[in-house]
Amino acid sequence: MKQFAELIQTLAGGSKTNAKLQALNDYFDGANDRDKVWVIALFTGRRPKGSINSSLMRQWAMEQSSLPPWLFEECYHTVGDLAETIALILPKNENRAGLSKPLAYYMESLQQLVKAPDELKKSFVLDAWNEMDAKQIFVFNKLITGGFRIGVSQKMIVNALGKNTGRSSSEIAHRLIGTWDPLKISFEELLSAENMTADLSKPYPFFLAYPVEGEVEALGEVKEWQAEWKWDGIRGQVIKRDDAFFVWSRGEELLTAKFPEFASLHALLPNGIAIDGEIISLNPEPKNGSFEPLPFAVLQTRIGRKTISKKNLSEAPVGFIAYDLLELDGKDLREIPLEQRRQLLAEVVTAVNLPMVQLSPVVKVESWDALRTLRESARDRGSEGIMLKRKNSSYQVGRKRGDWWKWKIDPLTIDAVLIYAQKGSGRRSNLYTDYTFAVKEGDKLVPFAKAYGGLTDKEFAKVDHFIKRNSLEKFGPVRTVKPELVFEIAFEGIAESKRHKSGVAVRFPRMSRWRHDKNAEDINTLDDLKAMLAMYGNAK
Amino acid sequence: MALIQFTDKGLYCPQGDFYLDPWKPVNRALITHAHSDHARWGSKHYLCQEQSLPILKLRLGENDFQTAGWNETVTINNVKISFHPAGHIIGSAQIRLEYGGEVWVFTGDFKTENDGISTPFEPVKCHNFITESTFGLPIYKWKPQQEIFTQMKDWILQNNEAGRISVLIAYSLGKAQRILKPLVETGLPIFAHGAVYNVHETLRQAGWPLPDIERVWADTPKERLAGNIVIAPPGAEGSSWMKRFSPASTGICSGWMQVRGNVRRKNAGATFVLSDHADWPGLISAVKATGAEKVFTTHGFQSAFSRFLNENGIASQEVTTAYGNEEEESVANDENNQPV
């Protein structure tokens, strides 16, 4: 655990990418194979869940430090992280740092304790706390509570493993994707090619786009590019191999069971196929043309649901917009040019012939200017903008500059006043950085969006200062704030919502500008929002 | 009538007709220490501990200053006033007031650990105790200074080997002097921002045995800085003044670095949890040592600390003051080498 805690400290510190890579490489050189498998699992989002719930951890920490619950909560709100709060308040134990056991011991014990009585869990946790210093306790707690965000991307772990094992990073990326269980797999197995063929479900790493930087003209001739509409759903991959069928999200979640609609696709697809596309709500009776995407808010009613009722299926039907073909007849197509892949994809989609599966339409234009004009109509089509893909490009791994770009439309904006604030977490702990904004309705203020991004650290510090001096009431962690600060709130889309007081839900709200020039009198009204909903909402 | 009242100008003693660390101009101000949130400009008469005088003069200019030594009694309208070490920075004092058998103590800022440069904190018995509570939560427990100094030296030597400048962010008054000991032990030349340098020279002229440091000028050659040490105040962080140091690594010295969220916000090369304020155990031991019947808590986590004291049998009340912004110490760019 000592080694691992040190690794985490280096990775979480302000180190540069190269220093992080070096630290990972050194770790892989020195650690035992069981620990390595766990490190890879943890850094690729495979932390096993649910062995000890966090309210027990809280309770034991309060007992050990003799703190009353309210004081513990006060500490927690200041620190913004449970694992760290516990590590900071436990009695100091700095000279026992060398007593802790290897990472794999703790991870595997945690798994064995899943169904154990609370007393056993407690003695395991207290023993662990007793043999660790504060840094290790923090890391250990994190392994239980989760939320391990420490500035290590999947890409970095892939590159480090590549460097360490002398394999290419795209090979490693493909090995690590999909389902594997850190409890059952050895380091050798994880990185071996045999294991890969054994796993039928394994998706390909997704190719992702950067936003267009500067003018599109800089990308060269428009005819070298394939333009498509950018859809706002869940990026996914549909796979069928040996008659087994899988639907993956970009977040590497297996969604097959969530979307029963895809069952019909299961029967119609040939074996040995992988299609990249967008899982999105489609109107079963499209108003114009072949298909009509519904707002993300509709799809959202399906996400996170454990059981899906008939009502859900009819109110939020789900479809698939196909972007790319990655595998056909069991052969990896990623190296052949996009133009050829697209042709094969079109044949596959035609053969399937289901209304719920649509080929992503290509936008045909003669000039960048024509595309620019067309892009303005994106919102009316339920799209977020344009995707640009180089016609002769291969299908690459991860977010890369060069061959794929996204060219989004300008967001919608509303001027609103800050009325509630809450402390952030992680990097923003102890600062009021999570805000609720309101628009006017007569002389009332109606909250309509929460936002916590878009300002610089300096601006956040200023707003925090204002909030601390102008809060009216406290409700737990939330403060009501004198309605004075006006911000321009930008968002990607707007939809009707019964769950929100304002009657609308906005997508990806963030602060685009601090309107120092405006005061609370000058903000937009609820009617303005409703007009926007009528214009762009394309709600059902 | 209470000996001290909490007013919108500061802590007021009606019997003596004077204020303690007022944040608005008044006729007579008693000053605990020379940080800008406690020693404000514009009052007519100032009374301070004698070690504070040189810095007060530097910061407030010539004024009607009266001084007192440690434990020396000054009487104003029958109120007995004395200054007692607070251990926060050089000259920092707790102010003790006594009248008609009743004793009040105001801590200003204080810490209980001996930092080797400020006169160490001494608890003073009193009936009413007004204490700061900057770090008044149990998450704040400091490691011994020596341990932090060792980390600091290791970091500087690593930077030196890699040819990087070690830029340490420390308040120009207080921490900048406190960290000199480990810096000198590295044997490397020490440079400083003008704000740090001015305080340093003022203290040296007042007789404090501080080591040689060199001010960074616009034309200080790069090769003289390479691999060496620079001390800069928090206000210089992210300024164009900082850009000249390259390659460099920045190390922030502050108690706030105890919490990872703050560390991540700073994105610094290194952080050193080093504070000139009392930590949670320090606050509690200080309160207990006074034997006070009533404890007023201010600037910091005053409500949590006050509630904790009440629940543990010590009558307490929180009061609002305007202290606690010394970190906002503003520093001009120093580009023209003007004294800052």
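Proteins get letters first, then strands, A, B, ... in listed order; numbering begins at 1 in each.
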| query | Hey, which of B/L137, B/V259, B/N262 is the one that makes side-chain contact (heavy atoms from CB on, under 4.5 Å) with A/V79? | reply | B/V259
| Got a sec: does the NZ of A/K163 have more than 12 other heavy atoms crowding it under 6.0 Å? | yes
| message | Taking side chain as everything from C-beta outward and backbone as N, CA, C, O, which of these in A/I89 sits under 4.5 Å from a heavy atom of chain B? Side chain, backbone, both or neither. | response | both
| said: At a 4.5 Å cut-off on heavy atoms, which part of A/E84 comes close to chain B: side chain, backbone, both, or neither? | reply: side chain
| task | State whether the number of non-hydrogen atoms from other residues, nucleotides or ligands found under 6.0 Å of B/F6 atom CZ is greater than 12. | result | yes
| field | Closest non-hydrogen atom pair between A/E74 and B/A304, with its separation | value | CG-CB, 3.9 Å
| message | So for atom NZ, which belongs to A/K468, do other residues, nucleotides or ligands contribute more than 12 heavy atoms lying within a distance under 6.0 Å? | response | yes
| said: Measuring from atom CD1 of B/I139 to atom OH of A/Y76, what distance do you get when rounded to the nearest 0.5 angstrom? | reply: 13.0 Å
| request: Starting at CD of B/Q258, measure out to OG1 of A/T78 and round the result to the nearest 0.5 Å. | output: 12.0 Å
| note | For B/P138 and A/L67, the nearest pair of non-hydrogen atoms, with its separation, is CG-CD1, 3.7 Å
| request: For A/Y420, look at atom OH and say whether over 12 heavy atoms of other residues, nucleotides or ligands are found less than 6.0 Å away. | output: no
| field | Proximal component of B/E311, with respect to chain A [non-hydrogen, under 4.5 Å] | value | side chain
